[in-house]
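For reference, the structure discussed in these notes is given below.
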Amino acid sequence: MKHLLSIETLHSEQLTQLITAAERLKAQRGNHASQPLAGQTWAMIFTKASTRTRVSFEVGVRELGGNPMFLSKNDIQLGRGEPIKDTARVLGRMVHGCIIRTFAQQDVEDFAHFSQIPTINALTDDEHPCQILADLLTVKEKLGSWEGKKIAFVGDGFNNMTRSWMWAAKHLGFELAVASPKEHQPDASFLQALNAPQVSITTNPAEATKDADVINTDVWLSMGEENQTEKEARFGAYQVNEELLALAAKEHIVLHCLPAYRGKEITETVLEAHSDTIFQQAENRLHAQKAILESLAASKPSI
Ligand code: CP
Ligand code: NVA
């Protein structure tokens with residue numbers, strides 16, 4: 001694996017290997033046998049806000065022996081309009097890898113292409129692969145496996161989180177039921193490309209949640225959509241609350257990638273009742289991303 005750009009382009013074996021590596025790195029935290037990023041500098045270009053992703057990558061790079069270099073969009077010429085392909089060709093001659101959070105998926109793919117250094121998607125409008133790896137690790141820790149489980153996603157059916165979940169369901173074969181307003185469901189061309197009969201889409205949150213082992217949600221308005229009040233107004237019936245969870249399997253867990261807007265996509269009561277799982281999920285970002293970094297370092301950076 002040279003880059004981690006999406007869940008879509010991963011194989012099922014790569015997904016399971018990364019999760020196994022994350023389990024090992026979690027168990028060995030503070031006592032790692034090797035420092036695969038020793039002598040390396042990893043740039044972190046972020047054009048959107050972040051708490052979990054930024055902190056977990058900075059800590060993760062350091063714990064594997066490397067140096068993280070955080071570059072906010074406004075601190076570098078990218079913010080003044082320097083093209084991503086030029087930024088990539090400069091950084092590719094100076095640093096050993098790059099972690100990018102931005103809007104367009106194409107920018108991350110162009111960076112990987114033009115820099116020729118290992119590149120990680122730390123969230124785009126299309127995918128959030130690092131988060132899904134942490135989420136799958138959490139499901140495995142809490143429920144033993146995702147195999148044979150029903151996973152529900154209640155909320156925006158076509159944002160970065162749901163897209164990555166849908167690709168994960170396709171690769172790993174678990175049942176995924178997405179409940180979302182019609183306007184925010186995956187379009188026909190995406191579903192055709194996905195071609196995953198185990199992924200169902202409904203407008204009915206009760207139908208998706210019924211007997212689900214995992215109930216997953218995310219913000220109604222993703223970063224960059226904050227002013228879309230018309231969009232938000234369509235989600236009133238898609239709140240994860242106690243009434244909805246009464247329909248889930250008896251031993252269910254609740255996931256939220258965070259940050260959460262209490263009283264919108266999830267109630268305060270549900271978030272606090274499931275906070276052990278949700279903050280374990282947040283911690284798992286560190287372990288999952290160390291697994292990604294370790295795997296990319298093994299692909300021998302070109303400089
Ligand atoms: N879940 C997640 O990516 O959080 P941040 O936006 O805080 O990085
Ligand atoms: N869908 C959310 C995820 C945040 C981690 C967003 O893009 O803002």
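The figures that follow rest on heavy atoms only: side chains count, while hydrogens, waters and symmetry mates do not.
Counting only N and O atoms by type, the side chains of T124 and D126 include no donor and acceptor under 3.5 Å apart. In this model, no donor atom of one side chain and acceptor atom of the other lie less than 3.5 Å apart for Q228 and E232. For the 3.5 Å distance criterion, the side chains of E141 and Q280 qualify, holding a donor opposite an acceptor. Checked by atom type, the side-chain pair R101/T47 shows no donor-acceptor distance below 3.5 Å. Between the side chains of H287 and E23, no donor-acceptor pair of N or O atoms lies under 3.5 Å. For N241 and T267, the side-chain atoms include no donor-acceptor pair closer than 3.5 Å.
A donor-acceptor pair under 3.5 Å is absent between the side-chain atoms of T102 and the main chain of A104, judged by distance alone. Counting only distance, with no hydrogens or angles, the side chain of E272 and the backbone of T269 share no donor-acceptor pair below 3.5 Å. Panel note: side chain Q239, backbone G263; a donor-acceptor pair is recorded below 3.5 Å. At distances below 3.5 Å, at least one donor-acceptor pair connects side-chain atoms of S180 with backbone N or O atoms of G155. Checking side-chain atoms of T209 against main-chain N and O of A206 turns up no donor-acceptor pair under 3.5 Å. In terms of modelled atom types and a separation under 3.5 Å, the side chain of H252 and the main chain of A212 share no donor-acceptor contact.
Here the straight-line distance linking atom OG1 of T87 with atom CG of D107 works out to 9.5 Å at 0.5 Å rounding. Interatomic distance, L25 CG to N31 CG, rounded to the nearest 0.5 Å: 11.5 Å. Atom CD1 of residue I120 and atom OG of residue S295 lie 9.0 Å apart, to the nearest 0.5 angstrom.
Within a 6.0 Å radius of CD in E243, no more than 12 heavy atoms belonging to other residues, nucleotides or ligands are found. In this structure, Y261 places its OH atom where only 12 or fewer heavy-atom neighbours from other residues, nucleotides or ligands lie under 6.0 Å away. The number of heavy-atom neighbours closer than 6.0 Å to CE of M69, taken from other residues, nucleotides and ligands shown, is 12 or below. Heavy atoms of other residues, nucleotides or ligands lying less than 6.0 angstrom from CG of N227 number 12 at most. Residue K264 places its NZ atom among 12 or fewer non-hydrogen atoms of other residues, nucleotides or ligands, all under 6.0 Å distant. Other residues, nucleotides and ligands contribute only 12 or fewer heavy atoms inside 6.0 Å of the NZ atom of K210. With a 6.0 Å radius and a threshold of 12 heavy atoms from other residues, nucleotides or ligands, E226 has its CD atom above the threshold.
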Legend entry - Test log, rule ring-ring contact (aromatic ring centres under 6.0 Å, His included), inputs W42 and F70: CA-CA 9 Å; W42 280 63; F70 186 78; over 10 Å; no

Legend entry - Test log, rule side-chain hydrogen bond (donor to acceptor under 3.5 Å, both in side chains), inputs S164 and E127: CA-CA 5 Å; S164 291; E127 282 230 28; 2.7 Å; yes

Inset, instruction - Before giving the answer on salt bridge (charged side-chain N to carboxylate O under 4.0 Å, His left out), spell out for K48 and D125 the whole-Å C-alpha distance, their side-chain angles and the decisive distance to 0.1 Å. - result: CA-CA 11 Å; K48 288 176 175 170; D125 290 345; 2.7 Å; yes

Inset, instruction - Using the side-chain hydrogen bond (donor to acceptor under 3.5 Å, both in side chains) rule, take H171 and E8 through it: C-alpha gap first, then chi angles, then the decisive distance, then the call. - result: CA-CA 8 Å; H171 297 320; E8 176 181 357; over 6 Å; no

Inset, instruction - Kindly indicate, with the supporting measurements, whether the criterion side-chain hydrogen bond (donor to acceptor under 3.5 Å, both in side chains) is fulfilled by N74 and S72. - result: CA-CA 5 Å; N74 295 327; S72 148; 4.7 Å; no

Inset, instruction - Decide yes or no on side-chain hydrogen bond (donor to acceptor under 3.5 Å, both in side chains) for K290 and H32, but give the supporting numbers first. - result: CA-CA 11 Å; K290 283 168 75 177; H32 293 315; 2.7 Å; yes

Inset, instruction - Apply ring-ring contact (aromatic ring centres under 6.0 Å, His included) to the pair H3 and H113, showing each step before the final yes or no. - result: CA-CA 10 Å; H3 307 289; H113 175 73; 9.5 Å; no

Legend entry - Derivation of the salt bridge (charged side-chain N to carboxylate O under 4.0 Å, His left out) call for K140 and E147: CA-CA 9 Å; K140 192 172 178 193; E147 274 171 36; over 6 Å; no

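Contact annotation: the side chain of P129 approaches that of I7 to within less than 4.5 Å [non-hydrogen atoms, C-beta and beyond]. When side chains are defined from C-beta on, I117 counts as touching C98, because their heavy atoms get closer than 4.5 Å. Residues E294 and Q289 fail the side-chain proximity criterion, which asks for heavy atoms closer than 4.5 Å. A 4.5 Å side-chain heavy-atom check between H256 and M161 finds every atom pair outside the cut-off. Here the side chains of T277 and T138 are in contact, with some heavy-atom distance below 4.5 Å. Considering only heavy atoms from C-beta on, L255 stays 4.5 Å or farther from I278 through its side chain. Under the 4.5 Å side-chain criterion, counting only non-hydrogen atoms from C-beta, K85 is not in contact with D110. Looking at heavy atoms from C-beta onward, D135 lies in side-chain contact with Q281 at the 4.5 angstrom threshold.
Scanning both residues, L5 and T119, for their nearest heavy atoms gives CD2-O, 3.7 Å. The two residues T162 and V178 make their nearest non-hydrogen contact at CG2-CG1, 4.1 Å. Here the closest heavy-atom approach between residue K149 and residue D213 is recorded as CA-OD2, 3.3 Å. Pairing each heavy atom of A22 with each of A291, the nearest pair is N-CB, 3.6 Å. Taking every heavy atom of both residues into account, A297 and P36 meet most closely at CB-O, 3.7 Å. Taking every heavy atom of both residues into account, A237 and P205 meet most closely at O-CG, 3.2 Å.
Placement of V270 and V154 within a single hydrophobic cluster is found when ILVMFWY residues are connected by side-chain heavy-atom separations under 4.5 Å, directly or transitively. With hydrophobic clusters built from ILVMFWY side chains whose heavy atoms lie under 4.5 angstrom apart, W165 shares a cluster with L137. Cluster annotation: I151 and V240 are assigned to distinct hydrophobic clusters (Ile/Leu/Val/Met/Phe/Trp/Tyr, side-chain heavy-atom contacts under 4.5 Å, transitive). Follow the hydrophobic side-chain contacts under 4.5 Å out from V199 and you reach I132 in the same cluster. L64 is connected to L4 through a chain of hydrophobic side-chain contacts under 4.5 Å among Ile, Leu, Val, Met, Phe, Trp and Tyr, so both are in one cluster.
Among the candidates F235, F153, Y238, the single residue satisfying the ring pair (Phe, Tyr, Trp, His ring centres under 6.0 Å) test with H184 is F235.
Within the cation-pi definition used here (under 6.0 Å to the ring centroid, within 45° of the axis), R54 does not qualify as a partner of F46.
In this structure F114 satisfies the ring pair (Phe, Tyr, Trp, His ring centres under 6.0 Å) test with no other residue, sequence neighbours excluded.
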